[in-house]
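A short write-up of the structure that comes next.
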Amino acid sequence: MNTKQLLRFQDKIVFISGSSSGIGKEAALSFVDQGAKVILSSRNRASNEALVTEIKSRGGDAFFIQADFSKSTEIEHAIRTGIEHFGGLDIAVNNAGIEGTPDVKTADYKEAVWDEVIAINLKGVWVSMKHQLPAMQKRGKGAIINVASLAGLQAGGAGIGYHAAKFGVVGMTKATALEYAKDQIRVNSVCPAVIETPMADRAFDTTEKRNKAIAMHPIGRLGTAKEVVDAICWLASDEASFVTGTSLAIDGGANL
Ligand code: NAD
């Protein structure tokens, strides 16, 4: 990789939700390594403070605001405070999410689980974009990447609330991309299949479940957080300057 590519996000300000672990944490480190300043927001203070320390020890810059992404006021506060801290917003990665109860079928799905999954995974993404878009309009440009799922493109036992939320994220991404294309704000989503993160460890917690998950992917393995983040970074970069409204499957062929 040449130096220009390594620093393709030099001085860009990037907001990342759900930065405690998995894809969000990997995204924070990758954007920083490519020159960005990151606004981190998640529920877990300790792991994010450790991440800020790690980023600063690498010579990067990061700012953490604790927030529960099921609560509109906390999302608004996190985005506003982060933008005030760094003075603007160029890129947003709306990643915070929970799995709910993947193995529970529709008739048995608990209403409380539905409400929580929809609040974080669907409404949380809309409320995030609601407060990110005006800041990007001020910049005259922007890129939003929503972390959806293969469960937002096809059915497959992820639980009705999770499917509803992720299909919703794919739909909101297209609708918002269309509304803001003239503002030079690109809005895309990534749709990963099963990725090696704490979420997948929880959802596939026995050897039998894990082997079944691996078998879903023609490529013969689960994906890595880095493989998702590389796609997120590409969508965020000027290399994807003509790409908006897309839902990019990152799935080892699982949707074929
Ligand atoms: P993860 O559990 O490691 O990360 C989830 C992150 O979201 C954590 O930082 C967690 O603290 C945060 N979060 C959860 N609820 C929150 C809330 N109410 N407020 C603030 N932060 C909250 O799992 P991951 O796999 O890295 O998941 C990241 C995203 O990727 C999620 O949206 C998930 O649905 C999506 N995804 C994951 C997979 C997979 O197989 N791992 C596949 C497709 C999509």
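We count ligands from 1, going down the list as the structure has it; atoms in each ligand are counted the same way.
Between E74 and R43 there is no salt bridge, since no side-chain N of the basic residue sits under 4.0 Å from a carboxylate O of the acidic one. Using a cut-off of 4.0 Å between Lys/Arg side-chain N and Asp/Glu carboxylate O, E54 and R58 are scored as salt-bridged. Ion pairing of K105 with D108 is absent here, as no side-chain N (NZ or NE/NH1/NH2) approaches a carboxylate O to less than 4.0 Å. D90 has a carboxylate O that lies under 4.0 Å from a charged side-chain N of R139, or vice versa, which qualifies the two as a salt bridge.
If you check which protein heavy atom lies closest to atom 43 (C) of ligand 1, you get P192 O, 3.2 Å. Regarding atom 24 (P) of ligand 1, its nearest protein heavy-atom neighbour is T197 OG1, 3.5 Å. Of the protein's non-hydrogen atoms, M199 CE, 3.8 Å is the one closest to atom 27 (O) of ligand 1. Closest to atom 5 (C) of ligand 1 among all protein heavy atoms lies G97 O, 3.6 Å. The nearest heavy-atom contact from the protein to atom 38 (C) of ligand 1 is A193 O, 3.9 Å. The nearest protein atom to atom 28 (C) of ligand 1, hydrogens excluded, is given as N95 OD1, 3.0 Å; this is a heavy-atom distance. Atom 1 (P) of ligand 1 has as its closest protein heavy atom S21 OG, 3.5 Å. For atom 10 (C) of ligand 1, the nearest protein heavy atom (residue, atom name, distance) is S42 OG, 3.9 Å.
Residue G18 places at least one N or O, backbone or side chain, under 3.5 Å from an N or O of ligand 1. Considering both main-chain and side-chain atoms, K166 comes within under 3.5 Å of ligand 1 through a nitrogen or oxygen pair.
Not a single heavy atom of E196 sits under 4.0 Å from any atom of ligand 1. Distances shorter than 4.0 angstrom do not occur between any heavy atom of E74 and any atom of ligand 1. A heavy-atom separation below 4.0 Å is not found between G223 and ligand 1. Residue contact check for ligand 1: A203 places no non-hydrogen atom closer than 4.0 Å to it. Contact annotation: N44 has no heavy atom less than 4.0 Å from any atom of ligand 1.
Within a 6.0 Å sphere centred on CD of E111, other residues, nucleotides and ligands contribute 12 heavy atoms or fewer.
Set against the non-hydrogen atoms of I98, the atoms of ligand 1 under 4.0 Å away are 14 (C), 15 (N). Atom numbering of ligand 1 starts at 1 in the shown order; those under 4.0 Å from a heavy atom of D68 are 17 (C), 18 (N), 19 (N). Heavy-atom proximity to Y162, at under 4.0 Å, picks out these atoms of ligand 1: 33 (C), 34 (O), 35 (C), 36 (N), 43 (C), 44 (C).
Within the 4.0 Å heavy-atom criterion, the part of I120 lying near ligand 1 is the side chain and not the backbone. With a 4.0 Å heavy-atom cut-off, ligand 1 is reached by the backbone of I23 and by its side chain too. At a heavy-atom distance under 4.0 Å, only backbone atoms of A67 (N, CA, C or O) approach ligand 1. Counting heavy atoms closer than 4.0 Å to ligand 1, residue C191 contributes nothing at all. Contact annotation: for I195 versus ligand 1, heavy atoms closer than 4.0 Å belong to both the backbone and the side chain. When heavy-atom distances to ligand 1 are checked against a 4.0 Å cut-off, R202 comes that close only through its side chain, counted from C-beta outward. Only the backbone of A148 comes within 4.0 Å of ligand 1, counting heavy atoms alone; no side-chain atom from C-beta on gets that close.
Counting only distance, with no hydrogens or angles, the side chain of S149 and the backbone of C191 share no donor-acceptor pair below 3.5 Å. The main-chain N or O of G35 is never found under 3.5 Å from a side-chain atom of R8 such that the two would form a donor-acceptor pair.
A side-chain N or O of N44 and one of S47 form a donor-acceptor pair less than 3.5 Å apart. Counting only N and O atoms by type, the side chains of N188 and T246 include no donor and acceptor under 3.5 Å apart.
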Step by step, would you call N121 with K166 a side chain to side chain contact (heavy atoms under 4.5 Å, CB included)? CA-CA 7 Å; N121 295 15; K166 296 299 189 180; 4.1 Å; yes
Could you please spell out the steps behind the side chain to side chain donor-acceptor pair (under 3.5 Å) verdict for N48 and S20? CA-CA 5 Å; N48 279 282; S20 313; 3.2 Å; yes
Could you give the side-chain donor-acceptor pairs of residues 124-132 under 3.5 Å, partners two or more places apart or in another chain?
{"unit_1": "S128", "atom_1": "OG", "unit_2": "G124", "atom_2": "O", "d": "2.6"}
{"unit_1": "Q132", "atom_1": "OE1", "unit_2": "N94", "atom_2": "ND2", "d": "3.1"}
{"unit_1": "Q132", "atom_1": "NE2", "unit_2": "N94", "atom_2": "OD1", "d": "2.8"}

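Between V38 and F86, the closest heavy-atom pair is O-CE1, 3.5 Å. Nearest heavy-atom pair, E49 versus F64, reported as atom, atom and distance to 0.1 Å: CG-CD2, 4.5 Å.
Not counting sequence neighbours, the partners of E196 by the salt bridge (charged side-chain N to carboxylate O under 4.0 Å, His left out) test are R210.
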